[in-house]
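Whatever order the structure lists ligands and atoms in, that order sets their numbers, starting from 1. Computed from a prediction, not measured in an experiment: that's the story for all the values here. These values consider heavy atoms only, across backbone and side chains, with no hydrogens, waters or symmetry-generated copies.
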Amino acid sequence: MPPVQRPRRLRRTETMRALTRETRLHRDALVLPFFVCPGERVRREIASMPGVFNLSVDEFVREVEAARELGLRAIILFGLPEAKDELGSGAYAPDGIVQRAIRAARKRVSDLLIIADTCLCEYTAHGHCGVVRDGEVLNDESLELLARTAVSQAEAGADIVAPSAMMDGQVAAIRSALDRHGFKHVAIMAYAVKYASAFYGPFREAADSTPTFGDRRAYQMDPPNAREALREAELDYAEGADILMVKPATPYLDIVRAVRERFDVPVAAYHVSGEYAMLKAAARNGWIDEERAALEILTSIRRAGADIIITYYAREAAKLLEREPSRS
Ligand code: PBG
């Protein structure tokens, strides 16, 4: 008996495939990360992240303009301060590195969406995401500093703050501080579900944020847990998060899907540094077709339910999607 159903009919030509394509990647959904550092004319490539740089503010502004030319409209910022201290004061200094970068970008590119990562780990001498006492990362003592950080980022002109410290109650603390300071309009993209992942390795080189003792497992989530992910998402939602993020992306596509189905706010997924580094390494060895693999992975994140994808591949993806509109 010849088959009655022939799914191959809809795959015969590119026009047919385009007509029946279920998931589309669009550059409007992409967010490009930046690591801003002190100095002038600094462009320091991250060894484990080819194509990603520590940029001084002047170079960063140039890169933002170039990204805008490619059609990218959203960026997320991380900072490397001049100096680190016990309380991460560089994170909430009015003229901190991220605050300066936000102001400079804002001046040059008017229709740019600026997201500021709200955390202390790049700014603390010990490299943890909160206040440390007797080897413990204290929760409630950290909330006030995270809230101050968010307010100073909003003052500098951030459209969205993105708390990533995984302290309990951080979204509520930030929401109320923003509101008190007249930033009711500033949105919160919560790193709601952030796992204690090996895939952040290259980022810690880029942001110089490796903890000097211990690790982040006492505050970031345990990778085997899925129900707990929904509990974390629920808490951040209840505390006023406008966007819920899952991080990393590809090892946690089941979680992206689960959060998508449970909550009716936009879901973001962070395709993190280690996920990027793996692709780059394989591509550099000639082991995979980088362009196809990168688009396939970004598409899988979208297919799992992410509305927003934060990725170091945003630039390349924007170029590819431009060149081949059928894939966008
Ligand atoms: C800050 C932060 C980290 C990342 C984003 N925000 C590092 C960490 O938690 O160790 C990781 C991003 C990446 O790996 O690309 N807490």
Side-chain angles (χ1 to χ4, degrees), residues 30-36 46-54 75-81 84 88 90-92 97-98 115-124 126-132 137 139 142-143 145-146 149-150 153 158 160-167 170-171 174 188-223 232 243 245-252 268-281 294 297-298 301 308-315:
L30 304 177
V31 179
L32 177 63
F34 281 102
F35 299 96
V36 195
I46 318 304
S48 52
M49 300 176 74
V52 179
F53 295 80
N54 286 164
I75 64 169
I76 183 162
L77 279 176
F78 301 93
L80 289 91
K84 299 177 191 253
Y92 39 89
I97 186 74
V98 161
I115 306 170
D117 181 85
T118 307
C119 196
L120 301 180
C121 64
E122 297 121 70
Y123 307 90
T124 49
H126 45 69
H128 278 289
C129 303
V131 177
V132 169
V137 179
N139 194 86
S142 304
L143 295 180
L145 299 184
L146 291 167
T149 303
Q153 292 167 335
I160 300 180
V161 295
S164 66
M166 287 300 279
M167 297 297 127
Q170 63 182 9
V171 172
I174 288 173
I188 298 178
M189 177 165 79
Y191 286 71
V193 183
K194 181 177 179 181
Y195 287 94
S197 170
F199 292 98
Y200 308 150
F203 172 95
R204 292 181 188 169
E205 183 197 343
D208 184 25
S209 65
T210 309
T212 52
F213 68 90
D215 54 42
R216 303 206 204 290
R217 279 183 281 194
Y219 43 106
Q220 298 182 348
M221 276 186 56
D222 198 21
E232 280 284 3
I243 299 170
M245 194 204 298
V246 174
K247 178 187 171 204
T250 44
Y252 299 94
Y270 199 142
H271 183 246
V272 302
S273 58
E275 300 176 86
Y276 174 82
M278 285 196 299
L279 270 170
K280 281 284 172 196
I297 282 189
L298 296 180
I301 299 168
I308 301 163
I309 305 174
I310 304 172
T311 174
Y312 304 97
Y313 268 112
R315 237 187 253 105

message: Below the 3.5 angstrom mark, is there an N/O of S273, backbone or side chain, next to an N/O of ligand 1?
response: yes
- prompt: Based purely on interatomic distance, does S209 place a nitrogen or oxygen under 3.5 Å from a nitrogen or oxygen of ligand 1?
  reply: no
Would you say that [X] contacts [Y] through its side chain, given a criterion of any heavy-atom pair below 4.5 Å between the two side chains?
{"X": "T118", "Y": "Q153", "result": "yes"}
{"X": "K247", "Y": "I310", "result": "no"}
{"X": "I97", "Y": "L80", "result": "no"}
{"X": "R216", "Y": "C129", "result": "yes"}
{"X": "M167", "Y": "V137", "result": "yes"}
{"X": "R204", "Y": "S273", "result": "no"}

query: Quick one: nearest non-hydrogen protein atom to atom 12 (C) of ligand 1, plus distance?
result: F203 CD1, 3.3 Å
task: Could you tell me the residue and atom name of the protein heavy atom closest to atom 15 (O) of ligand 1, and the distance to it rounded to 0.1 Å?
output: Y312 OH, 2.6 Å
Approximate separation, where rounding is to 0.5 Å, of T149 OG1 and Q170 CD: 11.0 Å
Enumerate the atoms of ligand 1 whose separation from the nearest heavy atom of [X] is less than 4.0 angstrom.
{"X": "K194", "value": "1 (C), 2 (C), 3 (C), 6 (N), 8 (C), 9 (O), 16 (N)"}
{"X": "C121", "value": "1 (C), 16 (N)"}
{"X": "K247", "value": "2 (C), 3 (C), 4 (C), 5 (C), 6 (N), 11 (C), 12 (C)"}
{"X": "Y270", "value": "12 (C), 15 (O)"}
{"X": "Y200", "value": "8 (C), 9 (O), 10 (O), 11 (C), 14 (O)"}

message: Would you call the rings of H128 and Y219 parallel, tilted or perpendicular, taking 30° and 60° as the class edges?
response: perpendicular
- prompt: Can you tell which part of Y276 has a heavy atom less than 4.0 Å from ligand 1: side chain, backbone, both or neither?
  reply: neither
task: Tell me which part of S164 gets within contact of ligand 1: side chain, backbone, both or neither, using heavy atoms under 4.0 Å.
output: both
field: Sub-4.0 Å heavy-atom contact, Q220 with ligand 1
entry: yes
